[in-house]
Amino acid sequence: MPASLGELATEFGCELVGDPEIRVDRVATLTNASPESVGFLASPAYRNELLATKAAAVVLTEADAGDCRVAALISDDPYATYALIAGVLHPPAGHAAGIHSSAIIADSASISDSAHISANVVIGEHCSIAEGVYIAAGCVLGKRCSLGRDSQVLVNATLVEDVRIGERTIIHPGAVIGSDGFGHARAYSGWTKIPQLGGVVIGNDVEIGTNTAVDRGAIDDTIIEDGVRLDKLIQIGHNARIGAHTAIAGMTAIAGSATVGKRCMIAGLAGVTGHVTVCDDTVIMAQALITKDIREPGVYSATFGAEKDQVWKRMVARFRRSAALEKRVAELEAKVSKNDG
Amino acid sequence: MPASLGELATEFGCELVGDPEIRVDRVATLTNASPESVGFLASPAYRNELLATKAAAVVLTEADAGDCRVAALISDDPYATYALIAGVLHPPAGHAAGIHSSAIIADSASISDSAHISANVVIGEHCSIAEGVYIAAGCVLGKRCSLGRDSQVLVNATLVEDVRIGERTIIHPGAVIGSDGFGHARAYSGWTKIPQLGGVVIGNDVEIGTNTAVDRGAIDDTIIEDGVRLDKLIQIGHNARIGAHTAIAGMTAIAGSATVGKRCMIAGLAGVTGHVTVCDDTVIMAQALITKDIREPGVYSATFGAEKDQVWKRMVARFRRSAALEKRVAELEAKVSKNDG
Amino acid sequence: MPASLGELATEFGCELVGDPEIRVDRVATLTNASPESVGFLASPAYRNELLATKAAAVVLTEADAGDCRVAALISDDPYATYALIAGVLHPPAGHAAGIHSSAIIADSASISDSAHISANVVIGEHCSIAEGVYIAAGCVLGKRCSLGRDSQVLVNATLVEDVRIGERTIIHPGAVIGSDGFGHARAYSGWTKIPQLGGVVIGNDVEIGTNTAVDRGAIDDTIIEDGVRLDKLIQIGHNARIGAHTAIAGMTAIAGSATVGKRCMIAGLAGVTGHVTVCDDTVIMAQALITKDIREPGVYSATFGAEKDQVWKRMVARFRRSAALEKRVAELEAKVSKNDG
């Protein structure tokens, strides 16, 4: 939806340096921008791209505005302002209300007239679908699932059973919410499955990424609070709780009964082991494994960056003979102390 | 299904301290238990919850029974006994036999009259579905797949081709069994695909977790033995063999032609590299990478717990200058030896 | 499709030691080979299997031919030659052209007469499906997706929107191509979603593995060049670029805006962090995390192999007290230097 620079500046509280009448209709990278585009500069690393851009305007900080040869939309937080502008220029596609003729819907399910139910969707008994919900092709909702107003369940995603989802939440393609947790008791003759009886409660304004799996609780529910953002291929174990506005990047595993606080940021390939608690406002770096409670906010790490293989192998060999080195130092200390005496 | 404490004690060989006539109809956590519930205590960490619980009865060891103010079901292995009691009080939902009208089934497929085939299921040529099998909505079975008695394939799961599954096995939602292994020969002009021709053989009483992928064999079959439990988002490479009653937690990768023994326990985010053999009764901790054969049972690790970032970075810096430290120690040894001489 | 050893030798430039009239109709492992089979020896570790094989012929190097007691097909690269022979003896199943009656296809989609569209497939507006394409059951293609000649999209895979795929490319089951990247700006009251507006461009002769997720670009496109091979459960972030003929093993994550060069090989469970560039011809070992640009081709590592837990824990404890050891060495140096003085 096109807008003028003046309208955007007013709506999002930017100072505009340039002609307020210029109209734009899309966002673009600085490099590929056309004169109908708005770009943004969030990092000084892109200064050359800023100097050369053909965008109509660039969203940037006051500090960077001096290098901007086109119109400038000055913002304290250019990335967040860009996000809002992109949302105005590229509003999400609307979906006509209605139920595709191929959808299979249980008699006891309640579907709002304004919901969109796509092809081959299957909705089970006692489900409840609120106003403006969008369910894409191939999704399956088992018994007793509910979706709040304007939420979306995207292609081939599954809500297994007893999954309650708030408003404006997006479940991305292939995600599975509410399948059994990994509960098995070791017994005489192998493993005995622990019946998984809890549900999943997901708040408002949450995103659950593509092919991510959120377990149902073993007895009580697994809980994802408001505003959480989960990336792709993540596992959330049974009875975990993820605090409001926490963001977790791809391929991270949060094990069963772990509690992650509010406003945390967890990078990719990381892990939180079972029954561990991570306090609010914690940042966990890529591939770090959290094996005990974190009680103090801050940044936590446990990764070695990669090295050339032969350099790495020599460092590992020294690590493996560190006992010998400690022993040599102790022997030296004894000798030197004797020499001193 | 409700039961009396007396019935449960008799069926599962517990000593009952309390009124055998009390009836219960569900399991619960100690904290949220109602007077119709059975709870369990598997760890002394929950002693306070035990003291305060409103459960009708708690499953626990004789050692913990003194702290129990409600009825006690005394067991040597409370967690396993709880699992069995939960199975009695919460029997799995039955499924009416029959084939949904939207299912698409090849003429040559053989389907037991007592099987349940849900909406939008597709079953290919020469498949064989035994008594009591449940196939949930959206599942696709390619050619020549077979399912033993009372097995289940849950929502949107895929059996690609030549997948033979035993009895009482559960394939969780979104799992893909039998897709091509990662077989590519490097040639003149890029990669040449190695045709993947084997199948997958899965035993009895197995569970394959949500969105997990088990490759078909390259030539011979990939094999998952009886009683194996695989969690979510796991990869099992072509021609791997997973021994009976082994359990593997989420996001672990077992590479091609690896052999994992019987009764192993592998934590999450771990890996076993290709062609490696892990012996029976091995425990592998989270995020550990197994790069060579394990021939002796035991617990294997390779993880550093996370630290505050600045502490971690200093430790890594010292690790990287460990060669210099070794050199300094050697120089000291030379000097001290000379001084001694 | 059966062939004679003479035909195979001629077609693939092998020297044949043995009777060219012998006919074979399958490939097999050396151990399980029947007299109608061709086996291969790619590693001297299998010499005993070679001596005992009942195969009609074995593909191997000249150096190994002396140990071959059956016919030998001598090749400089036995594995690649085996791949080609397997492709001849086991040609992929053909698919009859046509559209299954249950498929749901938008009016504006263009489907070649020679394409095969299976059961329950959903194809959106303005899609374009070329000659010989195969789309398996349950796949969903959103708006403006295109598939080049002879490409395949396998069971329950999803092309979300604006995904352009070249020729002879295979998208494996459950893969999701083109879902939103993880773009969120931190704002006053939680996260603001950055609209994800780019597409995905995938070249010719690519394979995208089972349950792998490739993000759409944020603004410009995410790009997978010709001949790339991605294994299972991989994540490719928005605006990443994967260079031609690069192969990436399972459960590896390539974060947003990362660039991986051509002909790289990345093992499983590894990671490349956002905005990092990896040069052509780089090899990254399992579980290594690449946190900064790699500018020189070579092999890069960052993994400790697993150890028995008590050995590992002692090594980690020493690592954690390495500051103390450095201090002790410095103190020794001071003392020894004083003693010297």
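Every chain is numbered from 1 and lettered A, B, ... according to where its sequence line falls, protein lines coming before strand lines.
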Most heavy-atom pairs under 4.5 Å with chain B, out of C:D205, C:V155, C:L89, belong to C:V155
Of all heavy-atom pairs linking B:P195 and C:A83, the shortest is CD-O, 3.7 Å
Using heavy-atom distances under 4.5 Å, tell me whether B:R321 contacts chain C through its side chain, its backbone, both, or neither.
side chain
Any idea which of B:V283, B:V311, B:T303, B:I284 has the most non-hydrogen atom pairs under 4.5 angstrom with chain C?
B:T303
Proximal component of B:S102, with respect to chain C [non-hydrogen, under 4.5 Å]
neither
Backbone N/O of B:D180 and side chain of C:K232: donor-acceptor pair under 3.5 Å
yes
Can you tell me which portion of C:M315 sits under 4.5 Å from chain B's heavy atoms? Options are side chain, backbone, both or neither.
neither
Any chance you could measure C:H245, atom NE2, to B:H184, atom NE2, to the nearest 0.5 Å?
13.5 Å
Can you tell me which of C:Q310, C:K262, C:M265 forms the most heavy-atom pairs within a distance under 4.5 Å of chain B?
C:M265
B:A270, part contacting chain C, at a heavy-atom distance under 4.5 Å:
backbone
Checked B:E331, B:K292, B:E296 vs chain C; the most non-hydrogen pairs under 4.5 Å come from B:E296
With side chain to side chain contact (heavy atoms under 4.5 Å, CB included) as the criterion, how do C:K308 and B:V299 come out once you've worked through the C-alpha distance, each side chain's angles and the decisive distance to 0.1 Å?
CA-CA 6 Å; C:K308 282 214 149 183; B:V299 179; over 6 Å; no
Using a 4.5 angstrom heavy-atom cutoff, name the option from B:V176, B:T291, B:L269 with the most pairs to chain C.
B:V176
Relative to chain B, which segment of C:R263 carries a heavy atom at a distance below 4.5 Å: side chain, backbone, both, or neither?
both
Hey, could you give me the CZ/NZ distance between C:R168 and B:K193, rounded to the nearest 0.5 Å?
14.0 Å
Proximity breakdown for B:V122 and chain C, heavy-atom pairs closer than 4.5 Å
side chain
Could you check if a side-chain atom of C:Y82 sits within less than 4.5 angstrom of a side-chain atom of B:I194, using non-hydrogen atoms only?
yes
Here the gap from C:R320 atom CZ to B:W312 atom CH2, rounded to the nearest 0.5 Å, amounts to 6.5 Å
If one checks every heavy atom of C:L154 against chain B at 4.5 Å, the contacting part turns out to be neither
Closest approach of B:R318 and C:A323, non-hydrogen atoms and distance?
NE-N, 3.1 Å
Any idea how C:Y46 and B:H275 line up, ring-wise: parallel (<30°), tilted (30 to 60°), or perpendicular (>60°)?
perpendicular
B:K327 atom NZ, over 12 foreign heavy atoms within 6.0 Å
no
Whatever's closer than 4.5 Å to a heavy atom in chain C on B:S322 counts as neither
Which atoms of C:A267 are under 4.5 Å from chain B, going by heavy atoms: the side chain, the backbone, both sets, or neither?
neither
For residues B:Q235 and C:N211, is any side-chain donor paired with an opposing acceptor at under 3.5 Å?
no
Could you tell me which non-hydrogen atom of C:F304 sits nearest to which non-hydrogen atom of B:A302, and how far apart they are?
O-CB, 3.7 Å
Hey, could you give me the OG/CD1 distance between C:S101 and B:I104, rounded to the nearest 0.5 Å?
6.5 Å
Which atom names give the shortest non-hydrogen contact between C:R229 and B:T192, and what distance separates them?
NH1-C, 4.3 Å
Spacing of C:H90 atom NE2 and B:I219 atom CD1 [to the nearest 0.5 Å]
8.0 Å
B:D215 CG to C:D231 CG distance, which is reported to the nearest 0.5 Å:
6.5 Å
Nearest heavy-atom neighbours spanning B:A185 and C:A80
CB-CA, 3.5 Å
Do C:E307 and B:Y300 have side-chain heavy atoms sitting under 4.5 Å apart?
no
Any side-chain to backbone donor/acceptor pair from C:Q287 onto B:Q287? Under 3.5 Å, distance only.
yes
Tell me, side chain or backbone of C:I85 under 4.5 Å from chain B's heavy atoms, or both, or neither?
neither
Check C:F319 against B:V316 and note the closest heavy-atom contact, atom names and distance.
CZ-N, 4.3 Å
Quick one: of B:D220, B:L233, B:I290, B:L325, who has the most non-hydrogen atom pairs under 4.5 Å with chain C?
B:D220
Please flag which part of B:L289 lies under 4.5 Å from any non-hydrogen atom of chain C: side chain, backbone, both or neither.
both
Please assess C:E326 against B:R328 for the test salt bridge (charged side-chain N to carboxylate O under 4.0 Å, His left out), listing each intermediate value before the final yes or no.
CA-CA 10 Å; C:E326 281 199 349; B:R328 286 162 62 189; 5.3 Å; no
Chain B contacts, top residue of C:T210, C:V27, C:T31, C:I170 (heavy-atom pairs, under 4.5 Å)
C:T210
Sub-6.0 Å ring centroid separation between B:W191 and C:Y79
no
Does any heavy atom of chain B fall under 4.5 Å from the side chain of C:S118, the backbone, both, or neither of them?
neither
Let me know if C:A330 has heavy atoms under 4.5 Å from chain B in its side chain, its backbone, both or neither.
both
